[in-house]
Amino acid sequence: MTDVLTPVLTDNWGTERSWTLAAYEDQGGYAGLRKALELAPVDVVEVVKASNLRGRGGAGFPTGMKWGFIPQDNPNPKYLVVNADESEPGTCKDIPLMMASPHTLVEGVIISSYAIRANTAFIYVRGEVLHVVRRLQRAVQEAYLAGHLGKDIHGSGYDLDLIVHVGAGAYICGEETALLDSLEGRRGQPRLRPPFPAVAGLYASPTVINNVESIASVPSILDRGAEWFSAMGTEKSKGFGIFSLSGHVTNPGQFEAPLGITLRKLIELAGGMRDGHELKFWTPGGSSTPILTAEHLDIPLDFEGVASVGSMLGTRALQIFDETTCVVRAVLRWTEFYKHESCGKCTPCREGTWWLAQTLARLEQGNGSEADLDLLLDQCDNILGRSFCALGDGATSPISSSIAHFREEYLAHLTHGGCPFDRTASTIFPKVEAHA
Amino acid sequence: MSPDSGAGRIPGIDDGTNAPGVSTTQIARDTPLDPTTYAELEEIAARYPQARSGLLPMLHLVQSVEGRVTARGIEACAAILGISSAEASGVATFYTMYKRRPVGDYHVGVCTNTLCAIMGGDLVFERLKDHLDIGNDETTDDGKVTLEHLECNAACDYAPVMMVNWEFMDNMTPESATQLVDDLRGGVEVHSTRGPRLCTWREAERVLAGFPDDLADEGPSAGPASLVGLNIARDQGWAAPSVDEAEEGAQEADAAEGSTTADKAEGSHEAERDEADAEVDRSEAEAKHKDNPDNTGGDDK
């Protein structure tokens with residue numbers, strides 16, 4: 001029986017100067033790389049396929065299969081691009097990983113690039129995390145000096161250059177094709193698919209784009225084996241993942257566990273809900289995943305379990321809200337976010353997110369009517385599935401799910417003539433406020 | 001970000017509202033950037049297989065030298081990359097971190113996305129606007145502090161979160177926030193809660209442009225919230241299975257279900273792959289669940 005928590009990626013986060021090459025190698029770092037370089041690239045792909053690792057950025061696509069799509073007979077260079085643009089509201093796992101252990105990612109990049117025969121790789125990191133950028137820059141520099149990067153890595157004849165590329169503040173660049181446009185020095189707007197990036201990605205060349213946590217999981221798989229990895233998790237969701245609890249729990253934080261753990265267990269580990277309060281609603285994987293309630297405390301947090309109740313595992317960004325939180329206010333704020341971040345390329349998303357925000361704001365102020373709820377759902381229907389990328393879809397998730405679970409609370413805004421909640425009650429410093 | 005978005009516009013370029021003293025064309029276009037900066041811009045472009053990929057870090061460098069994105073900065077980038085100024089400007093106006101109005105020594109951001117807002121970020125932001133007597137995206141008269149509300153900055157377990165020059169300031173309150181900006185304006189040395197002493201915004205922009213500043217070794221590995229799960233695991237003696245334990249577990253599972261893979265090398269890749277194929281075959285059953293919201297998924301899990 002596997003333990004409740006299984007620190008692998010987080011295992012060295014408490015180590016003195018964990019971000020340095022010396023500390024990382026002291027704990028066995030770069031052993032996975034040495035094993036990988038003894039294999040043919042195609043066999044590295046097979047190991048990752050056999051592990052059943054699925055993408056940790058939200059979609060859950062099998063990582064090894066993605067690598068297998070790279071056409072090796074294509075004459076263009078191949079590229080690996082790491083999506084380190086972590087911006088989905090609630091998501092906060094990749095940033096602490098890169099801060100505490102950038103070499104886990106760098107080692108993963110080298111192995112993964114070797115597997116797909118890329119000689120240039122990029123880490124596209126959001127710009128708003130200065131110290132993470134520093135740690136990545138330093139780790140890459142150390143890796144070059146140690147011969148893990150550069151020409152003829154450890155005598156294998158394999159060459160790899162790794163570039164840390166810093167973004168400039170745009171949620172949409174977490175969408176993989178928008179990320180590619182941004183990395184090419186353009187406005188970050190999604191591309192129509194096909195062609196898929198595996199065939200025509202960066203510079204119209206075969207490109208693999210993977211999330212930080214996916215790539216960071218690769219060294220342990222190469223070091224300890226596919227069977228080891230798939231011994232954890234559930235039938236179709238193998239391995240471990242970082243679960244990020246935030247909000248109204250006693251001890252918010254990061255919990256690395258086999259996929260399939262329940263929110264009930266995680267809240268217990270986080271010391272329970274904050275004193276005297278109870279769970280009202282939560283997101284399983286960021287704001288783009290439909291919200292759930294206390295009746296979903298016992299679903300297994302794996303890809304299938306969360307899908308079975310009409311939501312998505314997403315990035316395991318578990319934002320926990322108690323009964324002091326107004327769901328309409330929460331949803332309005334997310335909606336304003338999507339409106340701000342819509343890149344403007346597709347009309348349903350560009351115009352629709354503005355309509356959603358206006359309609360919701362009117363309801364939140366108590367000025368709308370019950371018919372506005374149907375109007376909202378109709379607007380959602382006109383956005384969902386009608387744009388190039390999933391940003392517009394994500395914008396509809398909190399709205400349609402909150403109306404399904406909390407219709408009465410929307411109506412209460414109308415009868416109350418505004419928000420019936422005390423805004424200070426939901427803060428973590430209501431007492432301080434009272435004294436101020 | 002949306003081209004017709006009031007909130008998403010890069011202020012000072014499209015709207016011209018309360019831009020304090022500097023218009024986008026005020027710096028004479030005929031005064032070029034200094035040669036050192038121009039050479040560094042070229043150096044950035046040369047890092048990439050295709051030079052244009054350097055545009056985002058190049059604009060960060062322009063900001064570090066100019067204090068904002070200037071017309072001559074745009075023109076230098078465009079000249080180096082062989083694109084038009086309009087193309088370069090079109091990129092600069094898309095991204096929130098690029099500023100067309102001068103930014104103070106300290107860019108102070110307050111997360112007001114849902115989780116931080118509800119945990120107190122809204123109150124922090126309102127208190128700071130009052131305290132500094134400026135609005136969103138405005139700078140104090142002394143040129144020290146530019147205040148801006150932010151979207152999620154990936155530190156939700158430390159909510160409410162602020163960023164100063166893109167360094168984490170965790171677990172803020174209205175009181176700690178006003179103290180922070182007072183210290184910044186008063187020249188008191190301030191440290192990030194998970195990083196080094198704060199540098200200026202321009203210095204930060206230089207690091208983002210890919211010119212490291214040697215502060216990587218300052219600050220902790222992780223903040224306390226990042227370690228909550230790890231510490232519990234250590235206390236409980238919980239860990240990922242060893243390679244041997246994982247192998248034994250796989251054998252037991254095979255034995256328990258009288259597995260069809262038993263005749264293959266136990267736990268082999270081949271066996272694993274067959275199981276994976278079988279899972280794909282079975283996956284049609286899952287699709288049914290999607291269309292049946294009444295199925296809570298508890299049946300064959």
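A, B, ... follow the sequence lines: proteins, then strands. Residue 1 opens every chain.
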With a 4.5 angstrom heavy-atom cut-off, is it the side chain or the backbone of [X] that approaches chain B, or both, or neither?
X: A:Met99; answer: both
X: A:Glu256; answer: neither
X: A:His165; answer: both
X: A:Glu295; answer: neither
X: A:Phe243; answer: neither
X: A:Tyr124; answer: side chain
X: A:Asp161; answer: neither
X: A:Phe240; answer: neither
X: A:Thr91; answer: backbone
X: A:Ser182; answer: both
X: A:Ala168; answer: both

Would you mind listing every salt bridge (charged side-chain N to carboxylate O under 4.0 Å, His left out) that reaches into residues 44-56 of chain B, with sequence neighbours excluded?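 Qualifying pairs: B:Arg52-B:Glu87.
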
Can you pull the salt bridge (charged side-chain N to carboxylate O under 4.0 Å, His left out) pairs that have at least one residue in residues 212-221 of chain B, sequence neighbours excluded? A:Arg17-B:Asp217, A:Arg134-B:Asp213, A:Arg138-B:Asp214, A:Arg138-B:Asp217

Parallel, tilted or perpendicular for A:Phe122 and A:Tyr203, by the 30°/60° rule?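 Perpendicular, since the angle between the ring planes exceeds 60°.
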
What heavy-atom pair brings A:Val4 and A:Ala257 nearest, and what distance separates the two atoms? O-CB, 3.5 Å

Using modelled atom types only, decide if a donor and an acceptor are shared between the side chain of B:Glu245 and the backbone of B:Ser242 within a distance under 3.5 Å.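 Yes: the side chain of B:Glu245 pairs with the backbone of B:Ser242.
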
Find the one option among A:Ala231, A:Ser101, A:Gly127 whose heavy-atom pairs under 4.5 Å with chain B are most numerous.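 It is A:Gly127.
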
Only pairs of heavy atoms separated by less than 4.5 Å count here; which of A:Val8, A:Leu245, A:Asn251, A:Val129 has the most with chain B?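 That would be A:Val129.
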
Between B:Phe168 and B:Arg194, is there a cation-pi geometry (under 6.0 Å to ring centre, at most 45° from the normal)?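 The answer is yes, since B:Arg194 meets both limits relative to B:Phe168.
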
Relative to chain A, which segment of B:Met163 carries a heavy atom at a distance below 4.5 Å: side chain, backbone, both, or neither?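 The answer is the side chain of B:Met163.
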
Among [options], single out the residue with the greatest number of heavy-atom pairs under 4.5 Å to chain A.
options: B:Asp244, B:Val91, B:Leu55; answer: B:Val91
options: B:Gly237, B:Pro49, B:Ala51, B:Pro212; answer: B:Pro49
options: B:Ala222, B:Gly54, B:Pro160; answer: B:Pro160
options: B:Leu150, B:Leu215, B:Thr112; answer: B:Leu215

Does the distance from a Lys or Arg side-chain N to an Asp or Glu carboxylate O, for B:Glu148 and B:Lys99, drop under 4.0 Å?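 B:Lys99 and B:Glu148: salt-bridged.
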
CA sep, side-chain torsions, deciding dist, call: B:Arg206, B:Glu203, salt bridge (Lys or Arg N to Asp or Glu O under 4.0 Å): CA-CA 5 Å; B:Arg206 185 170 173 83; B:Glu203 288 166 343; over 6 Å; no

